[in-house]
Amino acid sequence: MKELLQEAETIKTGYLLEDFRLFHLKDKKPIDYPYHYHDFYKLIWFQEGNVEYHIEGKAYQLKPYDILLVGKGQIHKPFIGTDVPYERYNFYISEQFLKEYSSEDCDLKQCFALADREGSCVIRLSPGDSSRIFENSRLIEAAEENKEYAYNTYERLLLMKLLIELARCCIDNPDVFHKMATYDHKTVEILHYINGHLKAPLSIDKLAEQFYISKYHMMRKFKEETGYSMHQYILEKRILLAKEMIQAGVPATTACLESGFHDYSTFHRACKKILGKQPSAF
């Protein structure tokens, strides 16, 4: 129950205070999670349940031992059936951890980058290969529980090993990415366009004209598929982009304009409303 509450608080705030956290969860009753996104990367090792996972407009029906990759800022929501308990290992991994422990010959974000390239957030290995790689999750659990000498360092090494072995599987065989997601093609096209043009004007009328679709139908379908209105989606994606730029050393006023905002006061108000912080806090 403690882990469930801690995970719920992390989902609520969207922030991760540690380098990474592992939650081993088993919900016996379905929970109606809202559409949401995180300021970190999320890796799920699915064990059992009747779960359809929606990520950025695509829906994946999960099978036991599937591996789910959710990138930072990606909007997602699980739809959980009532007939089987929902069990999974959730890894929450900070951007800082992935940067700090990557090296010239090892990008710890490799599996997330490959998921973007392959257009699928689900890796489907054989149960044996999946269990072999994720044996490290049980070792991390045991280390966290026992707290023996150097357990924090040991946990980091285990997570690095897991990410490297998973990336090797993906590099050696790109077919492990499960391509059977269901989605509305037009909505996904619009999502890709928005994310690739956040710095440019993105009015509803122009998007409808760009994709040869009624703007009212477009807005309704977008809300159905993502849980967000188009205006809110664009606004929050722009704020996340500006935040990354500021954290990389770009002045806040420059980041404001480079992420598609017309003036700093609008940007400042949006940051306070959505993230609860003013830009200088980044």
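Residues satisfying the side chain to side chain contact (heavy atoms under 4.5 Å, CB included) test with Ser126, not counting sequence neighbours, are Asp129. Every side chain to side chain contact (heavy atoms under 4.5 Å, CB included) that Glu118 has, sequence neighbours left out, goes to Pro174, Phe177, Lys179. Residues satisfying the side chain to side chain contact (heavy atoms under 4.5 Å, CB included) test with Cys256, not counting sequence neighbours, are Phe261, Tyr264, Phe267.
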Problem set entry | Stepwise side-chain hydrogen bond (donor to acceptor under 3.5 Å, both in side chains) check, Glu236 with Tyr37 | CA-CA 10 Å; Glu236 297 199 22; Tyr37 59 85; 2.5 Å; yes
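Between His76 and Tyr53, the ring planes lie parallel to each other; the angle is under 30°, not in the 30° to 60° tilted range. Ring planes of His36 and His38: perpendicular class, angle over 60° (limits at 30 and 60°).
Of the inter-residue distances, the one linking Asn136 atom CG with Trp45 atom CH2 reads 10.0 Å to the nearest 0.5 angstrom.
Side-chain atoms of Phe23 and Arg88, non-hydrogen and from C-beta on, never get closer than 4.5 Å to each other. Considering only heavy atoms from C-beta on, Glu87 stays 4.5 Å or farther from Pro85 through its side chain. Inter-residue side-chain proximity for Lys72 and Asp39 is flagged as met; some heavy-atom pair is nearer than 4.5 Å.
Summarising the local packing, CD of Glu209 is surrounded by 12 or fewer heavy atoms from other residues, nucleotides or ligands at distances under 6.0 Å. Taking a 6.0 Å sphere around NZ of Lys29, one finds it holds 12 or fewer heavy atoms contributed by other residues, nucleotides or ligands. Under a cut-off of 6.0 angstrom, the local environment of CZ in Arg168 is sparse, with at most 12 non-hydrogen atoms contributed by other residues, nucleotides or ligands.
Because its NZ or CZ atom is not both nearer than 6.0 Å to the ring centre of Tyr92 and within 45° of the ring axis, Lys42 does not count as a cation-pi partner of that residue. Phe79 carries Lys77 over the face of its six-membered ring, with the cationic atom under 6.0 Å from the centre and within 45° of the normal.
Taking 4.0 Å as the cut-off between side-chain N and carboxylate O, Lys221 and Glu224 count as a salt-bridged pair.
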